[in-house]
Structures are given as C-alpha cells and as structure tokens.
Participant: 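Before we start, here is the structure in question, set down as structure tokens.
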There are 2 protein chains.
Amino acid sequence: MKKATPCIRRGKLKVESLERAAETLKLLAHPQRLRLIEILERDKEVPVHTLVAETGFPQAVVSQHLNQLRRVGLLSAKRRGKEMLYTICDPRALSILNCICTHCSEGDFEHE
Amino acid sequence: MKKATPCIRRGKLKVESLERAAETLKLLAHPQRLRLIEILERDKEVPVHTLVAETGFPQAVVSQHLNQLRRVGLLSAKRRGKEMLYTICDPRALSILNCICTHCSEGDFEHE
DNA sequence: TTAAAAAATACAAATATGTCAATACATAAA
DNA sequence: TTTATGTATTGACATATTTGTATTTTTTAA
C-alpha cells in the first residue's frame, strides 16, 4: 500500500490534477464498487469468485468493476493459480469510504 | 456546518447507505465542482457571479453545479440582495477533497 | 413601472456509464 | 489434449451526465 503523505495545499489545484481527482472519485462513486472495497478492506486479499459469492453481483460485473478500480490504481491484483487476488493498494480508497461514512449511524449497517 | 461524528463501522453497510454515499461521491467527482469547492473552502461565503468570474465557467454551468451540490446537502445558500451566497455546509466536502489530495505534490498546484 | 443585474431553469445534443449475455482467455488437473 | 474452473473481454443496448443556448425568475434601483 502506498504511503499517505499529508497534503500541503497551497494555491489552486491544476486543472489536470482536478481531473485526475475527479476520475478517482468517479470510480468510487458507485454502490457496487463501494461494496467491493468494503469487503476488500476486511479480507485484504480476495479472489473474484469470492467477491461474486459475497455480493451476489454477476461475475462479469464484478470483473469489470475490479478492472476499473485497478486501472486508476486503487486496487492491485496478483494471480494465484486459477484465481486473481485483488487488494486495495491506494489508502485513499479506504479513507474516502471512511470519510463518506462520517455521518453513518447504527441504522446504516446490517446486523446479522 | 454539521458536526463530523467519528464513524464506527461495524458489519456491512446497507445497500441504501451505499447508494447515498455513492450519490454524494458522484457529485464531488467532477473537476469543475471540485474547483468550486476549493474556492468555497478559501472564501467561505461566495456569490455566484464571483464563482463565475474566478472559474471562467459559464453562469448556467456554475448555477447548475451549485444546485446539485446543494440538493445533496453539501452546500447551502442564502440570499443577500440580488446575490446568492453559497457556503460549504457538509464537512465531508472538504475532507474528501483533502483526502483525494493525499497524493498531491507541488506539481499539482498552480503557482502565481 | 420599467430596466438592469444576478441567478435559476428548460431543453436538446453530445457524450459517457452501466448492464447483460455471450464468448474468449488462462490455468490446472485428469 | 481435453476438460473444468476462474476471469476477462466484447458488443448491443438502455440510461445518465454534461454542455450550450435561450429563457425565466427574483430582486434592486431608477
């Protein structure tokens, strides 16, 4: 996982920087992808078929989401036999999920 | 500005909670809206025409962005004469911008 | 009242995203 | 090799977002 250097914000962000930031946020802005990240946060290294089983989403959908998240560097993947193990490799994925949950209450969670 | 209560995450987030989170993130996931938030962070209460002048975006575009951000509760607005003053009212808007900038370097900023 | 300034809205065109089914690819085991 | 399992990719389609132009509303001041 990349190191999270504290941000020193001075001046205005360049348009290109804003665009990259927006692209990253856009990929996080999807309920199914947030669910995948939630699971990956808990289980660290997870093969696709497990994510399919846990979420109930179609395999193609899960695979597409994972690839998108990997493309922008939020996730990484490595092969283990037939499986592909996905991992969160950008701490922003987690901190944004936490941040967005700042206003979550008990009622936002499922209790088993 | 709402108080940011720390998030205690237990169990899985409900689908509806994920959907609300995704909706909020989606609105932040736009370079122009991020720029507006950046300016609002600095200047606190800003009328639309100032945002138009600072960004160079068309008035209708700025107005639409501001309304979208207000609809999900990230911004609030109050009238002062002919002007509408916009303010950030959800701290998540700021913390997500900060969070996304975790990996920003000097080169991401414009130096005047 | 009328005119001007500030902001919001409506609508259509262009673009981007999401979804689904089918298919292709990769690996391991028989 | 053949087969089975696990993933990735493709193409068609529906839906959503973005953007631009024009118009409308709201408010103040003449």
Participant: Go through the structure and list residues passing side-chain hydrogen bond (donor to acceptor under 3.5 Å, both in side chains) with B/Arg79, not counting sequence neighbours.
Facilitator: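 Expected list: none.
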Participant: I'd like the 5' and 3' limits of the part of DNA chain D contacted by chain A, with heavy-atom contacts below 4.0 Å.
Facilitator: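 The protein-touched segment is D/dT5 to D/dT10.
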Participant: Can you list everything that forms a side-chain hydrogen bond (donor to acceptor under 3.5 Å, both in side chains) with B/Arg42? Sequence neighbours excluded, please.
Facilitator: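 With sequence neighbours excluded, B/Arg42 shows a side-chain hydrogen bond (donor to acceptor under 3.5 Å, both in side chains) to B/Glu54, given in chain and number order.
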Participant: What ring pair (Phe, Tyr, Trp, His ring centres under 6.0 Å) pairs are there with at least one residue in residues 23-76 of chain B, not counting sequence neighbours?
Facilitator: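 Listed by first then second residue: B/His30-B/His65.
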Participant: Keeping to residues at least two apart or across chains, list the salt bridge (charged side-chain N to carboxylate O under 4.0 Å, His left out) pairs with something in residues 62-72 of chain A.
Facilitator: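 Every pair satisfying salt bridge (charged side-chain N to carboxylate O under 4.0 Å, His left out) with a residue in residues 62-72 of chain A: there are none.
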Participant: I need the NE2-P distance between B/His49 and C/dA5, as an integer number of Å.
Facilitator: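 It works out to 12 Å between those atoms.
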Participant: When you measure from every atom of DNA chain C, which of residues 19-31 of chain A have a heavy atom less than 4.0 Å away?
Facilitator: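 Within this stretch, A/Lys26, A/His30 sit under 4.0 Å of the strand.
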Participant: Grab the CZ-P distance between A/Arg71 and C/dA16 for me, whole Å please.
Facilitator: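 Taking atom P of C/dA16 as the reference, CZ of A/Arg71 is at 15 Å.
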Participant: Tell me whether the OP1 or OP2 atom of C/dA6 has a side-chain N or O from B/Tyr86 closer than 4.0 Å.
Facilitator: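 Negative; the distance criterion is not met.
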Participant: Test A/Tyr86 against A/Thr50 for side-chain contact (heavy atoms from CB on, under 4.5 Å), laying out the working first.
Facilitator: CA-CA 11 Å; A/Tyr86 279 84; A/Thr50 301; over 6 Å; no
Participant: Could you list the residues that satisfy side-chain hydrogen bond (donor to acceptor under 3.5 Å, both in side chains) with A/Asp43, not counting sequence neighbours?
Facilitator: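 For A/Asp43 there are no side-chain hydrogen bond (donor to acceptor under 3.5 Å, both in side chains) partners, ignoring immediate neighbours.
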Participant: Find the distance B/Gln68:CD to C/dA8:P and express it as a whole number of Å.
Facilitator: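 After rounding, the reported distance stands at 13 Å.
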Participant: Please state how far atom NE2 in B/His65 lies from atom C1' in C/dA7, giving the value in whole angstrom units.
Facilitator: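 Interatomic distance, NE2 of B/His65 to C1' of C/dA7: 15 Å.
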Participant: Applying side chain to side chain contact (heavy atoms under 4.5 Å, CB included), can you list everything that pairs with B/Glu19, at least two apart in sequence or on another chain?
Facilitator: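 Per chain and number, B/Glu19 pairs via side chain to side chain contact (heavy atoms under 4.5 Å, CB included) with A/Pro31, B/Val15.
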Participant: Got a sec, which residues hit side chain to side chain contact (heavy atoms under 4.5 Å, CB included) with A/Glu45, two or more places apart in sequence or on another chain?
Facilitator: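 A/Lys78, A/Leu85, A/Thr87.
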Participant: Test side-chain contact (heavy atoms from CB on, under 4.5 Å) on B/Leu13 and A/Leu34 and set out the steps.
Facilitator: CA-CA 9 Å; B/Leu13 282 158; A/Leu34 287 178; over 6 Å; no
Participant: With sequence neighbours left out, write down each residue that passes side-chain hydrogen bond (donor to acceptor under 3.5 Å, both in side chains) with B/Ser17, or none if nothing qualifies.
Facilitator: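 B/Ser17 satisfies side-chain hydrogen bond (donor to acceptor under 3.5 Å, both in side chains) with A/Asp108 once adjacent residues are dropped.
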Participant: Could you check how far CG of B/Leu51 sits from P of C/dA8, rounded to whole Å?
Facilitator: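 Going from B/Leu51 (CG) to C/dA8 (P), I get 10 Å.
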Participant: Please, which pairs that meet salt bridge (charged side-chain N to carboxylate O under 4.0 Å, His left out) have at least one residue in residues 26-37 of chain B, sequence neighbours excluded?
Facilitator: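 As it turns out, the salt bridge (charged side-chain N to carboxylate O under 4.0 Å, His left out) pairs with a partner in residues 26-37 of chain B, which skip direct neighbours, are B/Arg35-B/Glu38.
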Participant: C/dA7 phosphate, OP1 or OP2: any side-chain N/O from B/Ser63 under 4.0 angstrom?
Facilitator: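 It does not, given that no N or O in the side chain of B/Ser63 lies less than 4.0 Å from OP1 or OP2 of C/dA7.
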Participant: How many Å lie between CG on A/Asn67 and P on C/dG18, as a whole number?
Facilitator: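 Distance check: A/Asn67 CG to C/dG18 P gives 14 Å.
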Participant: Classify every nucleotide of nucleotides 20-30 of chain C by which part a protein heavy atom approaches to under 4.0 Å, writing B for the base, S for the sugar-phosphate alone and - for neither, in 5'-to-3' order.
Facilitator: BBB----BS--
Participant: What is the nucleic acid contact for B/Phe57, judged by heavy atoms within less than 4.0 Å: base, sugar-phosphate only, or nothing?
Facilitator: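 No contact.
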